[in-house]
Number of protein chains: 4
Amino acid sequence: MKLQPRKEPRQARSRAMVDTILDAMSRVLVERGYAKTNTNLVAEAAGISVGSLYQYFPNKDALIFALRERHVTRMLSLFEGVVDQMTDAGSLTSDFEALIDALVAAHLLEPELNRILEEEFPAFNMPVSNQIRERFFDSIRGVLKRHRAAISAPDIDVATFVVQRMLKALINAVVLTGPGGLSPGSIRPEIVPAVIGYLTAQRLN
Amino acid sequence: MKLQPRKEPRQARSRAMVDTILDAMSRVLVERGYAKTNTNLVAEAAGISVGSLYQYFPNKDALIFALRERHVTRMLSLFEGVVDQMTDAGSLTSDFEALIDALVAAHLLEPELNRILEEEFPAFNMPVSNQIRERFFDSIRGVLKRHRAAISAPDIDVATFVVQRMLKALINAVVLTGPGGLSPGSIRPEIVPAVIGYLTAQRLN
Amino acid sequence: MKLQPRKEPRQARSRAMVDTILDAMSRVLVERGYAKTNTNLVAEAAGISVGSLYQYFPNKDALIFALRERHVTRMLSLFEGVVDQMTDAGSLTSDFEALIDALVAAHLLEPELNRILEEEFPAFNMPVSNQIRERFFDSIRGVLKRHRAAISAPDIDVATFVVQRMLKALINAVVLTGPGGLSPGSIRPEIVPAVIGYLTAQRLN
Amino acid sequence: MKLQPRKEPRQARSRAMVDTILDAMSRVLVERGYAKTNTNLVAEAAGISVGSLYQYFPNKDALIFALRERHVTRMLSLFEGVVDQMTDAGSLTSDFEALIDALVAAHLLEPELNRILEEEFPAFNMPVSNQIRERFFDSIRGVLKRHRAAISAPDIDVATFVVQRMLKALINAVVLTGPGGLSPGSIRPEIVPAVIGYLTAQRLN
DNA sequence: AATGAATGAGCCTTCATTCAT
DNA sequence: AATGAATGAAGGCTCATTCAT
């Protein structure tokens, strides 16, 4: 009676493997930088053989892509969690304060990996999948829609896009420590005014 | 009277060569992308030998660096030209309108190269030289200072930094044609409100 | 009963590979000379890919170094074999006769390789490992010590050093076929008198 | 009246140039080692252009060859000077003492260059010209002939060859400071006994 | 004769990917 | 499915030599 299943169903094993590999990739990337990262190294760091690595990823690009996806998805989860908890009670400002807190927190999950993914990558080639991008977009749009009345921007989609870009740029400024420049701490408090300022700006036409 | 020198003095020849090489680099980069660009190809595209290329650039990185510098310097020229022509008569809004026009124009000088330099590069490693960065910064700060009274942001340096980041992010959104997303044309008119909105936002504390 | 392991245990395979590569290196070196020897050629001669070669040797220098070590170690083996078989019965002269026979034989194992290693190499940079050098030294010193009474040289270590140098120089003269010069055969019988003459020379002070 | 000749006759200029170039080669060789020496560097060190260098030497090998020749010729001069001053009064021992002194002094003329020429060169390929070799040989043979009666070696030519090799080996041991090993100073006094011991060794057959 | 920029063959080395075991 | 040795195309860079000026 072969009732006992494999300890783990195949799919699960595969997923665990994929995660192990991505963890290794992340570690190597952080430790050595993109230029000195290669598949053999990643396999070794994952405790498997290169051959096995290629069982789970068809090529190096797929590996990079998957890592980006996973990283961004994790950030998205945190972000959506915050958005989902918003009630109708919140003001535009308080909502964005929460949202920015969440975004900063998300970026600080794996800050080194995040830095490399943002700065050191020849990889916008393969942009984060549209699905993820859209969910970020939709979350922000949801907030804007809820406060439609308070917003002077004529087109919500356009405003969402602009806010998204502003947030990304400014939060990276806070999170990514550059060699010179102003302290991240002093930028942080400016993000809310920037967003709110834009959304509520007086428009002539 | 053999007074006439060689058609071009030595220094000039060297500069012409450097420019020829950078032009070739730019072309190859645009045509094939960073990953498929190599020094032999660049030399060929420049109509010279690899050896010659290495007479002018010590290594591949120096080539990339120089190309970035040249590109950014050209953008800076255009930008500073606009800023220099500003009179005290301009309003905060009109000044930023001019400034954004200039920036967009600057980014459209070599849009494809610009895209690759912005997106495809493992190159924050070698950031644009601080001097250039600072001159961008100073230009913007100059404008802000002139309109200090109209600005609610408490710290001009911080505000400059934020504006700079916003401008970069939003102008890239306008200039860099992504596969999906909103049309750049619709983003463009939002930049002024975004900047002005931030600068004049009501601040509680 | 699948008790039989792979035909060759891993370590053995690796060693075989190293030897195959060194054999190829040796062959190429002999056929083309050092200046025209390169890693790709060696790999080809070894019937493997360059990549494989670099799996066993980190760089070209390591390859050369290893070849020298192997060659000298083999010579050392032959030499030590002879020394070990010496009994107390031998005279100073008969001992050195045997010793010189062994050295000549050792040099004639791979005479062409030996010539290149001795003459064509920018390689004192990476001297034969001290351990090997010392074992040669110690063997000779052992013989001298046994015959201490018959030796006029005041310091055994110094005498060992001198004898070692003399032997190397004279045996190379015998073994290395130069373009012109005396026939090696006529030099050979002079080595024993040279060594014995030195060791037993009358010293005034 | 174009009476004034070029300041220097052509031949002389050429010789001066050749010497300038060889001096530069020597300097570069000593400062950077063979592996890091190249023709462009030598030309620069000589204060001329590569093109000019190639006016005087057809290729790199010729340059190396010429430098060796010059160096060895200079050593030969010093050596022959000593030999020429020998009178019939000298004993075998005193003659060799003088001769060894001269050789050591010769090797210490440009010790660093000498070291590189001896140790770091893939250059026995192009052995010192036979003429020079022969003059060394002849000088030594001359001394041996003068003392023929005191010498037990049956064949003067063979003995000359052996002595020559011994001298070269032992003097290099004195002059070339290796990383480990006995102090050169302690080897020096052994050279005379070695040579004399060989020449006067008792021979059985 | 001098110059030195230009040449380009050639070398060492890396690494994504394959495949026999 | 796993292994990891093997592959080999590709790339950065050097340097002896040439040649237009």
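Throughout, a chain's letter reflects where its sequence line sits, starting with A, and its residues are numbered from 1.
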Let me have DNA chain E in dot-bracket notation, would you? Count Watson-Crick plus G-U wobble pairs, both distances under 3.5 Å, and use [ ] for pairs crossing earlier ones and | for inter-strand partners. .||||||||||||||||||||
Using a 4.0 Å cut-off on heavy atoms, which residues in residues 22-33 of chain D reach DNA chain E? List them by number, or say none. none
Checking Ser52(A) now: which residues fulfil side chain to side chain donor-acceptor pair (under 3.5 Å) with it, not counting sequence neighbours? Ser49(A)
Non-neighbouring partners of Thr73(C) that pass side chain to side chain donor-acceptor pair (under 3.5 Å), sequence neighbours left out: none
Using the test side chain to side chain donor-acceptor pair (under 3.5 Å), find all partners of Thr37(B) that sit at least two apart in sequence or belong to another chain. none
Please list, in numerical order, the residues of residues 39-47 of chain C that have a heavy atom closer than 4.0 Å to any atom of DNA chain F. none
Starting at atom NZ of Lys36(A), determine the distance to atom P of dC15(E), rounded to an integer number of angstrom. 10 Å
If I take atom CE in residue Met17(D) and atom P in nucleotide dA1(E), what distance separates them, rounded to the nearest angstrom? 12 Å
For Glu110(A), give me all partners under salt bridge (charged side-chain N to carboxylate O under 4.0 Å, His left out), at least two apart in sequence or on another chain. Arg74(A)
d(OH, Tyr54(D); C1', dA2(E)) in whole Å: 16 Å
Got a list of side-chain donor-acceptor pairs under 3.5 Å for residues 20-31 of chain C, not counting sequence neighbours?
from     : atom 1 : to       : atom 2 : distance (Å)
Thr20(C) : OG1    : Ala16(C) : O      : 2.8
Asp23(C) : OD1    : Arg70(C) : NH1    : 3.1
Asp23(C) : OD1    : Arg70(C) : NH2    : 2.7
Arg27(C) : NH1    : Ala45(C) : O      : 3.3

Asn38(D) has its side chain closest, among dA2(E), dA16(F), dA5(E), to dA16(F)
Do Asn38(C) and Val42(C) make a side-chain contact, defined as non-hydrogen atoms from C-beta onward lying under 4.5 Å apart? no
Round to the nearest Å and state the distance from Tyr56(C) atom OH to dA5(F) atom C1'. 6 Å
Integer-rounded Å distance: dT17(F) C1' and Gln55(D) CD: 13 Å
Listed partners of Glu112(C) passing salt bridge (charged side-chain N to carboxylate O under 4.0 Å, His left out), at least two apart: Arg115(C)
